[in-house]
Amino acid sequence: MRTHTSLLLAFLLGVSMLAHRAQAQTDPKSNPATSPPAVDPDSTSWLFPVAKLDEILPYWLHIGGEYRDRVEGPTGIGFRGTSDVYLLDRFRLKVAIQPKDWLKFYGEVQDSRIFFNHRIANANPFEDSWTLWQSYVQVGSSTSGWVDALAGRQVLLFGDERVIGPSNWLNVGRTFDVARVDIHHPGYEVAVFASSVVPGSNTFLHRALPGNNFYGIYSSFKNIVPRATFEPYVLWRLAPGNFGLPETVGRGHLNEVTIGLHWKGTLPRSSTTTPSLMDRRVSLGMFSIGAWAGYAGVGKTFPNVVAAPRIYLEGNYASGTKNPAGRDFNTFDSLYPSNHDKLGFADEVGRKNLVQFRVGVEEYATKKWLFKQAFEGFWLATSNDNFLCQQRSDFGSRSPRRQPPHRQRTRSGRRIPVE
């Protein structure tokens, strides 16, 4: 219940207050003959009890946390005239033990809840109570040296999170059971990993689905193109026919290879550009896969104008299956992205069978307040395939979608791959 989270926050606040008092009493640099320093009345340090506690811990032990509340009010739920208003509550507590520069133990628990809801289910991606969010051992340093290795449960972020990300805007989010090796040197980085996405299912350890494996080599080069980051990658996904994976139900084993390139750079006169391209091949049961997606964006900032406005233009394409009666599966698999504001703030559109166009402007009203206005346009890449709602599945790559009756095609009593 929410009471458990509140009690834990109150406990941490009390501990931090005692810790702060003990620190003041035992500080070897303090002088009892002098008056204590004045307390800043505008200080907000009392709002961050875990941070205050971390200040007095040994150098090899660090503790931190995060608490987030958000109110949502969706309408048109399930493409019907229904609505709901609810509160999303999320708490994370993390501990890092690093006795040596080259050795680190990390653990993080998460408690996600939904309250006051009437039509939204108390389940993933809204609720997942007290789960092991991250837990890994790292040998080597990610900031120094040439190589480090990691094994355990971790968040993965690649390709501006358009390729792989934690989908942090969701109340539960996404992590992976992973083994990875990172090679890093000034000018380039290469990550090699083997992983399996962690489902959200209200159990503390969240056992990954056997056979649902995800492998990758993701590299980043900074000196190939001036003032730009050049990121080629190869991803390989294997998945069994399983009711927990809608993309494989009734179709067989998935064997999917994705080759892609992500490039982000700065052009002259405060302009930026971000092109990205992905191609996918191999098979889904008896069907052959041939799908691709591309993204391009360009923007220009006017630093000498009031509020330093930035005008931007973006386009996104993801292929769909043109012939539902054939054996070629052309619907793009978006894998595991963080889609929030990649395809609109509403988070109701997924990256498959999609043509998207966006134009907008953003400006800084103050140093901390950024305002953004945008126009979004969405079209189907092919009318023979279906519209995909934003990711809402445990595994992140597929989600519930609207399927109009006239697009429900069957052959020999079995539904064919129309997503």
Side-chain angles (χ1 to χ4, degrees), residues 156-170 189 218-235 258-280 291-305 307-320 332-365 369-381 387-391 396-397:
L156 296 180
L157 302 94
F158 295 107
D160 195 26
E161 299 186 40
R162 293 180 182 272
V163 180
I164 308 171
S167 200
N168 199 45
W169 182 255
L170 297 181
E189 298 178 2
Y218 198 99
S219 56
S220 177
F221 301 91
K222 295 183 178 180
N223 297 326
I224 294 180
V225 180
R227 294 185 296 184
T229 301
F230 190 78
E231 300 179 350
Y233 55 88
V234 178
L235 305 172
T258 301
I259 301 174
L261 171 66
H262 180 259
W263 172 40
K264 186 173 184 178
T266 302
L267 299 176
R269 301 191 178 185
S270 303
S271 297
T272 59
T273 181
T274 310
S276 179
L277 183 65
M278 288 187 279
D279 181 62
R280 179 164 290 117
W292 72 280
Y295 161 81
V298 62
K300 180 173 177 58
T301 303
F302 299 88
N304 298 325
V305 179
R310 177 179 179 269
I311 300 174
Y312 59 92
L313 177 67
E314 299 176 2
N316 207 330
Y317 178 87
S319 62
F332 183 75
D333 181 359
S334 58
L335 293 176
Y336 305 104
S338 297
N339 270 344
H340 180 63
D341 195 32
K342 301 293 193 301
L343 301 169
F345 279 112
D347 290 336
E348 292 298 329
V349 178
R351 194 185 189 190
K352 28 190 314 196
N353 191 37
L354 173 74
V355 178
Q356 179 221 18
F357 171 78
R358 171 191 284 187
V359 60
V361 60
E362 56 188 26
E363 60 277 332
Y364 281 94
W369 286 90
L370 176 67
F371 290 88
K372 178 183 290 188
Q373 307 85 43
F375 170 81
E376 305 276 355
F378 302 100
W379 297 266
L380 295 177
F387 174 80
L388 173 72
C389 296
Q390 164 67 312
Q391 54 203 18
S397 64

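As the structure is a prediction and not an experimental result, all values here were calculated from the model.
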Q. Closest heavy-atom contact between Phe302 and Ile311?
A. CE1-CD1, 3.9 Å
Q: Would you check if Glu376 and Val349 make a side-chain contact, meaning some heavy-atom pair closer than 4.5 Å?
A: no
**Q.** Atom pair CG (Leu335) and OG1 (Thr258), whose distance is rounded to the nearest 0.5 Å
**A.** 5.0 Å
Q | Under 3.5 Å side-chain donor-acceptor pair for Arg351 and Asn316 | A | yes
Q. Would you say the side chains of Glu363 and Gln373 form a donor-acceptor pair under 3.5 Å?
A. yes
Q | Separation of Tyr312 OH from Arg358 CZ (nearest 0.5 Å) | A | 5.5 Å
Q. To the nearest 0.5 Å, what is the distance between CD1 (Ile224) and OG (Ser219)?
A. 8.0 Å
Q.
Between Trp379 and Phe357, is the ring centroid distance below 6.0 Å?
A. no
Q. NZ/Lys222 to CZ/Arg227 distance, rounded to the nearest 0.5 angstrom?
A. 15.5 Å
Q) Do Asn339 and Trp169 have side chains that get closer than 4.5 Å, going by heavy atoms? A) no
(Q) Are Leu354 and Leu343 packed together at the side-chain level, in the sense that at least one heavy-atom pair is separated by less than 4.5 angstrom? (A) yes
Q | Check: Ser319 side chain, Trp292 main-chain N or O, donor-acceptor pair, under 3.5 Å | A | yes
Q: Find the distance between CZ (Phe332) and CG (Asn353) and round it off to the nearest 0.5 Å.
A: 12.5 Å
**Q.** Min side-chain heavy-atom separation Pro232-Phe221 under 4.5 Å
**A.** yes
(Q) Please report the interatomic distance NZ(Lys300) to CZ(Arg310), rounded to the nearest 0.5 Å. (A) 11.5 Å
Q: State, to 0.1 Å, how close Ala381 and Ala318 come at their nearest heavy-atom pair, and which atoms those are.
A: CB-O, 3.6 Å
Q | Over all atoms of both residues, closest heavy-atom pair of Lys342 and Asp160 | A | CE-O, 3.3 Å
Q: Evaluate the side chain to side chain contact (heavy atoms under 4.5 Å, CB included) criterion for residues Asp341 and Lys372: first the C-alpha distance (whole Å), next the side-chain angles of each, then the deciding distance (0.1 Å), finally the verdict.
A: CA-CA 11 Å; Asp341 195 32; Lys372 178 183 290 188; 3.0 Å; yes
Q) Would the Phe230 and His262 ring centres measure less than 6.0 Å apart? A) no
Q: Decide yes or no for His340 and Phe345: does some side-chain heavy atom of the first lie under 4.5 Å from some side-chain heavy atom of the second?
A: yes
Q.
Taking Ser167's backbone N and O only, do any of them form a donor-acceptor pair with Ser338's side chain (distance below 3.5 Å, no angle check)?
A. yes
Q: Verify, without hydrogens or angle tests, whether Tyr218 (side chain) and Gly159 (backbone) share a donor-acceptor contact under 3.5 angstrom.
A: yes
